[in-house]
Amino acid sequence: MTVKIYHNPQCSKSRQTLQILEGEGVEAEVIEYLKQPPSREELIGILKALGLKPRELMRRGEAEYQQAGLDNPELSDEQLIQAMLDHPRLIERPIVVKDGKVVIGRPPERVLDIL
């Protein structure tokens with residue numbers, strides 16, 4: 001069983017999700033996505049697996065979202081994906097991937113859906 005968690009150790013929901021994984025005996029590959037952002041291909045795969053448009057995976061309350069004018073409805077999906085790659089802080093967290101299944105750990109217990 002291969003499990004990855006795109007994790008931000010400063011985020012309580014991300015820490016709680018990681019604790020649930022560990023409590024279930026799962027040794028997840030922890031990716032601190034602010035230091036090691038997903039590749040374009042990984043991000044597109046995550047979006048497809050979640051069935052979300054790029055804006056739906058973005059943290060709209062972040063300063064980078066406002067400063068970059070990402071609320072503009074005329075921006076393309078590609079432009080929004082590039083913004084997340086340029087500013088990984090914009091990516092909602094935590095994201096857990098297991099065998100092609102993906103969940104956002106909000107609430108953290110959602111991770112149990114793919115274990």
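Quick caveat: nothing in here was measured; it's all calculated off a predicted structure.
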Only one of Arg55, Arg89, His87, Arg60 clears side-chain hydrogen bond (donor to acceptor under 3.5 Å, both in side chains) with Tyr65; which? Arg55
Heavy-atom side-chain proximity of Pro94 to Tyr6 below 4.5 angstrom: no
When you check the gap from the basic side-chain N to the acidic O, do Glu62 and Arg59 get nearer than 4.0 Å? yes
Side-chain touch Leu90/Leu80, heavy atoms, less than 4.5 angstrom: no
Step-by-step side-chain contact (heavy atoms from CB on, under 4.5 Å) determination, Gln79 to Gln82: CA-CA 5 Å; Gln79 289 171 304; Gln82 188 59 51; 5.7 Å; no
Any side-chain heavy-atom pair from Arg106 and Gln16 closer than 4.5 angstrom? no
Using the rule that Ile, Leu, Val, Met, Phe, Trp and Tyr join whenever any side-chain heavy atoms are under 4.5 Å apart, tell me whether Val102 and Leu112 fall into a single cluster. no
Within this structure, what is the CG-CD1 distance for the pair Asn8 and Ile31, rounded to the nearest 0.5 Å? 13.5 Å
May I have the step-by-step check of side-chain contact (heavy atoms from CB on, under 4.5 Å) for Asp86 and Glu64, ending in yes or no? CA-CA 10 Å; Asp86 292 343; Glu64 292 91 342; over 6 Å; no
Looking at side-chain heavy atoms only, is the closest gap between Lys4 and Val96 below 4.5 Å? no
Check for a donor-acceptor pair, side chain of Glu56 on one end and backbone N or O of Lys53 on the other, with a separation under 3.5 Å. yes
Examine distances only and state if a side-chain atom of Tyr33 and a backbone atom of Ile91 form a donor-acceptor pair shorter than 3.5 Å. yes
Atom CD1 of Ile104 and atom CD1 of Ile95: how far apart are they, to the nearest 0.5 Å? 6.0 Å
Pair Glu22-Arg15, salt bridge (charged side-chain N to carboxylate O under 4.0 Å, His left out): steps then yes or no: CA-CA 11 Å; Glu22 291 169 348; Arg15 290 192 309 269; over 6 Å; no
Without swapping roles, check the side chain of Ser14 against the backbone of His7 for a donor-acceptor pair under 3.5 Å. no
Decide side-chain contact (heavy atoms from CB on, under 4.5 Å) for Val3 and Val97; before the verdict, give the C-alpha distance in whole Å, the side-chain angles of both, and the deciding distance to 0.1 Å. CA-CA 6 Å; Val3 177; Val97 180; over 6 Å; no
Salt bridge check: are Glu32 and Arg93 linked by an N-O gap of less than 4.0 Å? no
Out of curiosity, does Val26 fall in the hydrophobic cluster containing Ile114 (side-chain heavy atoms, cut-off under 4.5 Å, transitive links)? yes
For the pair Met84 and Leu43, evaluate side-chain contact (heavy atoms from CB on, under 4.5 Å) and give the outcome as yes or no after the intermediate values. CA-CA 9 Å; Met84 286 189 277; Leu43 186 55; 3.9 Å; yes
Is any side-chain heavy atom of Arg40 closer than 4.5 Å to a side-chain heavy atom of Leu85? yes
Should Ile46 and Lys48 count as side-chain neighbours, where that means a heavy-atom distance under 4.5 Å? no
Any chance you could measure Lys13, atom NZ, to Glu92, atom CD, to the nearest 0.5 Å? 11.0 Å
Between the main-chain N or O of Ser39 and the side-chain N or O of Glu42, is there a donor-acceptor pair closer than 3.5 Å? yes
